[in-house]
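By convention in this document, chain letters (A, B, ...) are assigned in the order of the sequence lines, proteins followed by strands, and residues within each chain are numbered from 1.
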Amino acid sequence: MTDTVRVRFAPSPTGYLHVGGARTALFNWLYARRSGGKFLLRIEDTDKARSSEAHIRVILDGLAWLGLDVDEEVVFQGAGVSRHQALADRLLDEGKAYEDEGAIRFRMPREEISWDDAVYGHIRFQGSDIKDWIILRSDRSPTYNFTVVADDIEMRITHVMRGDDHISNTPKQIAVYDALEREPPTFVHLPMIHGPDGKRLSKRHGATAVADYQQSGILPAAMRNFLALLGWNPGDERELFFTISELIEAFSVEKIQKKSAVFDITKLEWMNGQYISRTTPEQLFPLIEGELVDAGLDLDTIGRDRLLRATAVQSERARTTLELAHRLAIRFDASLIERDAKANKLISKDPTGFRSALSAAAQRLSGIEDSQWEAERLETELRSLANELELAPGKVFQPIRVAVTGNTVSEPVNVLLEVVGKQESLARMEAAKGWEPTA
RNA sequence: GCCCCCAUCGUCUAGCGGUCAGGACACCACUCUUUCAAGGUGGGGACAGGGGUUCGACUCCCCUUGGGGGCACCA
């Protein structure tokens, strides 16, 4: 089966997995899965000074997090040095390269070099515009453009899918394929990812590492979906892919964009919120458990049922799991309450009304049996209370919300009260009566 | 400086000679509501400019402009 598609992702271990690299890896992986081929990983560790075990680990972890599984043993470029040297010596012997101050320099052909790029179409360079370049340094270490070709041949790579910043390296590499008398692979150049200012995405734009997004509460499925749509579209108006198989099935090289794309975090977060709201509390909970413990919650005491119930309630309105965890923590630990500006405004606007609403509500709610403390009953009680007091429902509900959460934003108040529990809710309402109105 | 690539709403994009230039995020209204979010409805918002080709250009060609990338004994 020499026809089997073989693609590779070939990052250098620089310490983090850049989202651009992650997108390149994803496209390679999708292409391999779509075509029944193999997705390989090659670590470009020839620059010893920049490589380390930990850096390699980061790449492996990032790919694993995104769900991109590698089909064969990971290849380390550094392991092929003697092969690279032998190949360079061969070109030297054949007169296709020459010695220059101890290094071996490749003789670029003068004629036109071109290829049919799967994304950009026909691209041509004049060989005469490209200087002869070093393939083996004077210390006999091979250089990038040479090892890439040697290793892609060795790994029997059929499609080289990589960032379009490599377009101008391609003629050099094709010349090496020719010199080695090997057929070049199909080149599939991918447009770059830019920051909001149109410049190449870099650290000064903020988070650029996959791990940053992992830590800020982005789900891998959302990240995958978002990255897939950066420079590619399925050919119809779908934007949300809830299963990985849907993505694989929809993927096609023909729909890859030529224009670079701006990384829009707001849209990523929107998409993440879509995924979160469609994820079950059982699946969500393990993702926030660590955060809750860090926040000081005693999860055993709270109990799994209440935690899952609270997770379900919050999952509808959180855009990241970090936000989800924070909202949850507040519901189980009053000390985490931070009154926001709108809450303060509500209090200072009518301190007396705020307190009397709380008093009346507390009195009414304290009469509910512990076993009856559930959303439906709570709503009934509060509505009839508002009715008796001849107050708009919001005049009763909103002070409770503020007292219990410190915010003017939350799940429906009756649900909130159920989640927080009777004793705790009443305690919070009592405590809030002592809050000083601030301007 | 030289070489290469790119060009539709602010952003991601559909469009592959004849469309009211469509969708999504964001934004603004309205709606729903017990607040917010979500949801629903509606709105503003784009073919960089100039030449051709054609009965007819967002679409094809050329130029200009703009943007990006590359020109190492880095990867």
Side-chain angles (χ1 to χ4, degrees), chain A residues 10-14 43-47 49-51 77 100-105 114 117 119-121 123-126 128-131 133-145 147-148 163-172 189 191-194 196-200 226 229-240 254-255 257-271 273-274 277 314-319 323 327 340 342-343 346 378-379 382-383 386 392-402 405 407-416:
Chain A
S12 53
T14 51
I43 304 288
E44 310 259 315
D45 60 344
T46 49
D47 186 358
R50 274 164 57 171
S51 303
Q77 188 155 67
D100 175 24
E101 293 188 32
I104 296 180
R105 197 175 283 276
S114 69
D117 196 281
V119 171
Y120 289 94
I123 298 180
R124 60 179 68 188
F125 283 81
Q126 297 307 316
S128 53
D129 284 336
I130 303 170
K131 294 191 282 266
W133 48 285
I134 286 169
I135 56 178
L136 209 64
R137 301 186 184 89
S138 46
D139 66 357
R140 298 210 30 95
S141 63
T143 60
Y144 174 75
N145 282 119
T147 55
V148 166
D164 73 13
D165 49 336
H166 286 286
I167 284 180
S168 42
N169 285 327
T170 307
K172 290 182 182 177
H189 285 100
M192 305 258 80
I193 295 178
H194 288 168
D197 59 354
K199 306 289 184 198
R200 187 180 189 147
F226 179 72
L229 255 22
L230 230 43
W232 172 80
N233 75 79
D236 54 38
E237 288 185 336
R238 269 182 299 172
E239 294 221 77
L240 262 8
E254 294 69 43
K255 288 292 183 179
Q257 201 81 357
K258 293 188 182 75
K259 196 180 69 167
S260 55
V262 174
F263 194 90
D264 181 0
I265 293 175
T266 305
K267 189 159 183 176
L268 202 212
E269 290 184 343
W270 163 78
M271 198 170 272
Q274 296 293 314
S277 63
Q314 294 306 135
S315 68
E316 291 171 32
R317 66 205 76 232
R319 287 200 159 193
E323 187 186 335
R327 287 175 189 270
D340 64 22
K342 284 185 176 175
L346 180 136
L378 287 162
E379 178 167 4
L382 290 174
R383 277 191 184 284
K395 292 287 183 189
V396 175
F397 286 103
Q398 196 64 344
I400 298 174
R401 188 195 318 275
V402 167
T405 67
N407 302 315
T408 55
V409 178
S410 84
E411 62 271 49
V413 169
N414 58 324
V415 174
L416 170 69

*What does A:E411 touch in the nucleic acid at a heavy-atom separation under 4.0 angstrom: a base, only the sugar-phosphate, or nothing?*
base
_With a 4.5 Å cut-off on side-chain heavy atoms, are A:N407 and A:R401 touching?_
no
_For a quick test of reading the model, state the closest non-hydrogen atom pair linking A:P393 to A:A386 and the distance between them._
CA-CB, 4.1 Å
*Reckon A:N145 touches a base, only the sugar-phosphate, or nothing at all at heavy-atom distances under 4.0 Å?*
base
*Could you state the CD1-P distance from A:I134 to B:C71, rounded to the nearest angstrom?*
14 Å
_Spacing of A:L240 atom CG relative to B:A24 atom C1', expressed in whole Å_ = 10 Å
_Donor-acceptor check, side chain of A:D100 to backbone of A:A103, threshold 3.5 angstrom: yes or no?_
no
*Reckon A:N233 has a side-chain N or O less than 4.0 Å from the OP1 or OP2 of B:A14?*
yes
*Which nucleotide in the set B:C73, B:U34, B:C3 lies at the smallest distance from any side-chain heavy atom of A:F397?*
B:U34
*What's the CG-C1' distance between A:D165 and B:C5, to the nearest Å?*
12 Å
*asked:* What is the separation between atom NZ on A:K172 and atom P on B:C73, rounded to the nearest whole Å?
replied: 9 Å
*C1' atom, B:A75 versus B:C71: distance in rounded Å?*
15 Å
*How far apart are the closest heavy atoms of A:S141 and A:D139, and which atoms are they?*
OG-OD1, 2.6 Å
_Say we look at B:C60 and B:U8: how far apart would their P atoms be, to the nearest angstrom?_
13 Å
*Just how far, in rounded Å, is C1' of B:C12 from NZ of A:K258?*
17 Å
_Check the phosphate of B:A75 against A:R137, side-chain N and O only, distance under 4.0 Å to OP1 or OP2. Yes or no?_
yes
*When you check the phosphate oxygens OP1 and OP2 of B:C2, does a side-chain N or O of A:K131 lie under 4.0 Å from one of them?*
no
_What contact category does A:N407 fall into here, base, sugar-phosphate, or nothing, at under 4.0 angstrom with non-hydrogen atoms?_
nothing
*Could you tell me which nucleotide pairs with B:A7 by Watson-Crick or G-U wobble geometry, both distances under 3.5 Å, or answer none if nothing does?*
B:U65
*Return the nearest nucleotide to the side chain of A:E239; candidates are B:A24, B:C12, B:A75.*
B:A24
*Looking at A:L416, A:N414, A:I400, which hits side chain to side chain contact (heavy atoms under 4.5 Å, CB included) with A:L378?*
A:N414
_If you go through the side-chain atoms of A:K267, does one of them form a donor-acceptor pair with the base of B:A24 closer than 3.5 Å?_
yes
_For B:A14 and A:Q257 - does any side-chain N or O of the residue sit under 4.0 Å from the phosphate oxygens OP1/OP2?_
yes
*Checking all strands, does A:L230 fall into the base, sugar-phosphate, or nothing category for heavy-atom contacts under 4.0 angstrom?*
sugar-phosphate
_Nearest 0.5 Å, please: how far is CZ in A:R200 from CD1 in A:I193?_
11.0 Å
_Let's test this: given Watson-Crick or G-U wobble pairing with both distances under 3.5 Å, identify the partner of B:G39._
B:U31
*Are any non-hydrogen side-chain atoms of A:H166 and A:V148 less than 4.5 angstrom apart?*
no
*Check every atom of B:C3, B:C5, B:C6 against the side chain of A:I123 and return the nucleotide holding the closest atom.*
B:C5
*Do you know the tightest heavy-atom contact between A:V396 and A:P399?*
O-CD, 3.4 Å
*Searching all strands shown, indicate the nucleotide that pairs with B:C71 (Watson-Crick or G-U wobble; both distances under 3.5 Å).*
B:G1
*Is the side chain of A:N145 donor-acceptor paired with the backbone N or O of A:K172 at a distance under 3.5 Å, no angle test?*
no
*Round to the nearest Å and state the distance from A:M271 atom CE to B:C12 atom P.*
13 Å
*Tell me what A:K199 touches on the nucleic acid: a base, only sugar-phosphate, or nothing, going by heavy atoms under 4.0 Å.*
sugar-phosphate
*Remember a base hit wins even if backbone is also touched, and classify A:G163 as base, sugar-phosphate or nothing at under 4.0 Å, heavy atoms.*
nothing
*Using the P atom on both, measure B:C58 against B:G50 and round to a whole Å.*
12 Å
_Judged by each residue's nearest nucleotide on RNA chain B, which is more toward the 5′ side, A:F125 or A:P412?_
A:F125
*Tell me which of A:S168 and A:Y120 sits closer to the 5' end of RNA chain B, going by the nucleotide each one is nearest to.*
A:Y120
*Just checking A:N414: base, sugar-phosphate only, or nothing, at a heavy-atom cut-off of under 4.0 Å?*
base
*Scan nucleotides 37-46 of chain B nucleotide by nucleotide, 5' to 3', and note B when protein non-hydrogen atoms come under 4.0 Å of the base, S if they reach only the sugar-phosphate, - if neither.*
B-S-------
*If the C1' atom of B:A26 is compared with that of B:A46, how far apart are they to the nearest Å?*
15 Å
*What nucleotide among B:G68, B:C6, B:G23 has an atom nearest to a side-chain atom of A:R200?*
B:G68
*asked:* Categorize A:K395 for me: base, sugar-phosphate, or nothing, with a 4.0 angstrom heavy-atom threshold over every strand shown.
replied: nothing
_Say we look at B:G67 and B:U35: how far apart would their C1' atoms be, to the nearest angstrom?_
45 Å
*Consider the side chain of A:D264, meaning its heavy atoms from C-beta on, and name the nucleotide among B:U13, B:A75, B:U11 that approaches it most closely.*
B:U11
*With a 4.0 Å cut-off on heavy atoms, is A:V262 in touch with a base, just the backbone sugar-phosphate, or nothing at all?*
sugar-phosphate
_A:M192 CE to B:C5 P, straight-line distance once rounded to whole Å_ = 16 Å
*Test item: A:T170 and A:F125 side chains (from C-beta on) under 4.5 Å apart, heavy atoms*: no
*For B:C16 and B:U59, measure between their P atoms and round to the nearest Å.*
13 Å
*When rounded to the nearest Å, what value does the distance between C1' atoms of B:G43 and B:C36 take?*
23 Å
*May I ask you to say what A:H194 touches in the nucleic acid, namely base, sugar-phosphate or nothing, with a heavy-atom cut-off under 4.0 Å?*
sugar-phosphate
*Could you tell me whether A:T266 contacts a base, only the sugar-phosphate backbone, or nothing, with contacts defined as non-hydrogen atoms closer than 4.0 Å?*
sugar-phosphate
*Rounded C1' spacing from B:C32 to B:G68 in Å*: 46 Å
_Using 0.5 Å steps for rounding, measure from the NZ atom of A:K395 to the CG atom of A:L346._
7.5 Å
*Value in whole Å for how far the P atom of B:G22 lies from CD of A:E237*: 11 Å
